[in-house]
Number of protein chains: 2
Amino acid sequence: MSGGGSPSRTRAARARRPRFERQLPQQRRQALIDATIECLKRYGHEGLSIRTISAQAGVSVGLINHHFPNKNQLIAAAYRHFNSELVGGLQAAVARAADSPRARMRAFLEASFCPPNLDQDALAVWVVFWGLYRHSRLIQRVQRDTYRGYVRLLRGMLAERLAQARAPHPRRPRRRGRPDLRLAAIGLTALLDGLWLEWCLEPGAFRPAEAVALCEAWVEDLCRR
Amino acid sequence: MSGGGSPSRTRAARARRPRFERQLPQQRRQALIDATIECLKRYGHEGLSIRTISAQAGVSVGLINHHFPNKNQLIAAAYRHFNSELVGGLQAAVARAADSPRARMRAFLEASFCPPNLDQDALAVWVVFWGLYRHSRLIQRVQRDTYRGYVRLLRGMLAERLAQARAPHPRRPRRRGRPDLRLAAIGLTALLDGLWLEWCLEPGAFRPAEAVALCEAWVEDLCRR
DNA sequence: GCTGCTGTTGTACGATCGTTCAACAACGTA
DNA sequence: TACGTTGTTGAACGATCGTACAACAGCAGC
């Protein structure tokens with residue numbers, strides 16, 4: 001209606017709103033990844049459809065296959081992004097903390113039990129990705145690539161925390177039954193993940209601060225052994 | 001080919017293999033539920049299709065809607081069965097154990113870290129169900145119905161275990177910082193679930209016995225406080 | 001203002017989805 | 001042996017799925 005019917009380059013024709021905006025591939029790819037995660041949060045596994053995602057991103061159905069070879073590659077890219085956001089956020093929180101093993105561990109735990117990590121929507125996203133894990137080599141590869149960074153971060157902090165606890169009495173004999181670092185890391189990871197899972201499933205069951213306290217108490221017990 | 005072309009009731013006609021076997025609704029329903037779980041183990045979320053499930057059960061596509069009003073009801077029934085198998089198995093293990101709080105707790109833990117509960121296939125099934133949780137009221141209802149039994153079992157055992165630990169010194173004042181039963185149950189559940197999850201994701205990372213030991217050490221620490 | 005590239009659109013296609021339903025057939029009953 | 005009940009089949013329906021592709025159009029460079 002509002003002008004522009006003529007093909008001649010009148011001022012009105014030039015001023016009309018473009019039907020779409022071209023973007024750099026990198027930006028568009030990221031927008032599609034964000035839309036994928038948003039769809040997972042809103043609709044769960046059913047949100048993983050080309051049409052749902054493209055609608056969420058405000059683009060046409062054909063665009064996804066222009067930027068990604070197929071749907072699975074988009075999902076894997078979204079999983080990679082989601083994972084690195086988590087690990088990156090935790091690393092940043094640790095880096096911001098005071099320069100002591102105890103403070104770093106606390107910062108790590110508090111970041112783990114805060115938004116955006118402690119979020120029911122986030123659990124919904126994780127769970128769908130986990131459900132794809134067994135039958136998608138792409139997802140398995142992303143998992144292997146990113147999980148390493150998480151384990152290294154947690155293990156490093158636990159190691160320096162335990163080392164500090166022993167430091168005041170360097171010649172004290174190692175008590176029988178002191179768990180090795182490997183089992184300690186396994187246990188802390190389990191407690192952390194389990195609490196995180198429980199809270200997301202039933203946010204009213206306990207407060208995030210209680211989860212942090214439970215984890216810290218666990219580490220304290222380890223140090224006292 | 002092999003006889004029976006004639007509609008007359010010859011002996012060959014009567015002896016021919018029936019094209020299908022009628023079953024009681026209850027039996028057929030259970031067979032469909034079993035097939036659903038088997039499909040989830042084999043194909044993950046993609047196994048949740050009417051055709052896949054009916055093929056697994058060896059019946060036609062139409063039969064499912066004869067025994068279940070729709071697909072979601074079948075899935076919910078499968079989830080209910082899967083849950084009660086778990087809780088029932090754990091209860092049975094506890095009932096078989098010696099009559100002491102410590103033995104019961106150990107039996108519970110060992111059953112938790114044994115097949116069929118400790119199983120990668122089982123995790124794949126759980127994860128798909130969890131992915132449906134947020135967007136299916138049916139699944140939410142089943143979860144609410146069955147999870148209660150699990151929590152009650154675990155909480156009861158932990159309560160008697162902690163009570164026993166206090167028993168020898170009934171008049172000893174309650175120490176500062178002793179966690180209440182509520183938080184203790186939350187922590188044990190988290191540790192248990194987290195270890196179970198970790199093992200299923202990476203079965204080589206630790207042995208089931210180590211998981212049991214970690215949980216028992218955690219309970220021991222609780223008792224000593 | 002024109003041209004070229006390429007990001008973007010939207011229709012079309014075949015496959016598969018959940019569900020329906022008329023017809024079939026197994027088997028208890030008389 | 002004939003009948004009636006009802007568990008069972010399998011074709012068919014419309015909807016939706018992922019992907020392909022020809023046409024369109026935004027925008028930089030000349």
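None of the values given here were measured: they were computed from a predicted structure. Chain letters run A, B, ... following the sequence lines, proteins first, then strands; residues in each count from 1.
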Given atom NE2 of A/His67 and atom P of C/dT6, what is their separation to the nearest angstrom?
-> 13 Å

Within the modelled atom types, does a donor on one side and an acceptor on the other bring the side chain of B/Arg22 and the base of D/dT6 under 3.5 Å apart?
-> yes

Of the listed nucleotides D/dT19, D/dT9, D/dC17, the one nearest the side chain of A/Ile50 = D/dT19

Please give, in whole Å, the distance from D/dC27 P to A/Arg19 CZ?
-> 13 Å

So which nucleotide from C/dT8, D/dG10, D/dG7 ends up closest to the side chain of B/His66?
-> D/dG7

Main-chain N/O of A/Tyr79 paired with A/Asn83 side-chain donor or acceptor, under 3.5 Å | yes

Hey, which sits more toward the 5' end of DNA chain D by its nearest nucleotide, A/Gly62 or B/Arg28?
-> B/Arg28

Would you indicate what B/Leu48 reaches in the nucleic acid, counting non-hydrogen atoms under 4.0 angstrom: base, sugar-phosphate, or nothing?
-> sugar-phosphate

Nearest whole angstrom, please: distance from the P of C/dT8 to the CD of A/Glu21.
-> 9 Å

Distance in angstrom units between A/Asn72 CG and D/dG18 C1', rounded | 10 Å

Between B/Phe20 and A/Val61, whichever has its closest DNA chain C nucleotide further toward 5' is A/Val61

A/Gln120 side chain reached by B/Arg134 side chain, heavy atoms, under 4.5 Å | yes

Protein-nucleotide distance (B/Leu63, atom CG; D/dA11, atom C1'), rounded to Å | 16 Å

Report yes if some heavy atom in the side chain of B/Leu132 is under 4.5 Å from a heavy atom in the side chain of B/Leu138; otherwise report no.
-> no

Between CZ of A/Phe68 and C1' of C/dG7 the distance, given in whole Å, is 14 Å

Between D/dT9, D/dC27, C/dT9, spot the one nearest the side chain of A/Ser60, thanks.
-> C/dT9

Does some side-chain heavy atom of B/His81 sit less than 4.5 Å from a side-chain heavy atom of B/Gln30?
-> yes

Nucleotide nearest A/Arg51 when distance is taken to its side chain, options C/dT19, D/dT5, D/dG18 = D/dG18

For the side chain of A/Lys71, starting at C-beta, report the closest nucleotide among C/dT19, C/dT9, D/dC17.
-> D/dC17

Separation of D/dT16 atom C1' from A/Tyr43 atom OH, nearest Å, is 16 Å

Assess whether salt bridge (Lys or Arg N to Asp or Glu O under 4.0 Å) is satisfied between B/Asp121 and B/Arg42, documenting all intermediate values.
-> CA-CA 8 Å; B/Asp121 285 342; B/Arg42 289 195 187 176; over 6 Å; no

Atom-pair distance (CD on A/Glu46; C1' on D/dG18), nearest Å | 16 Å

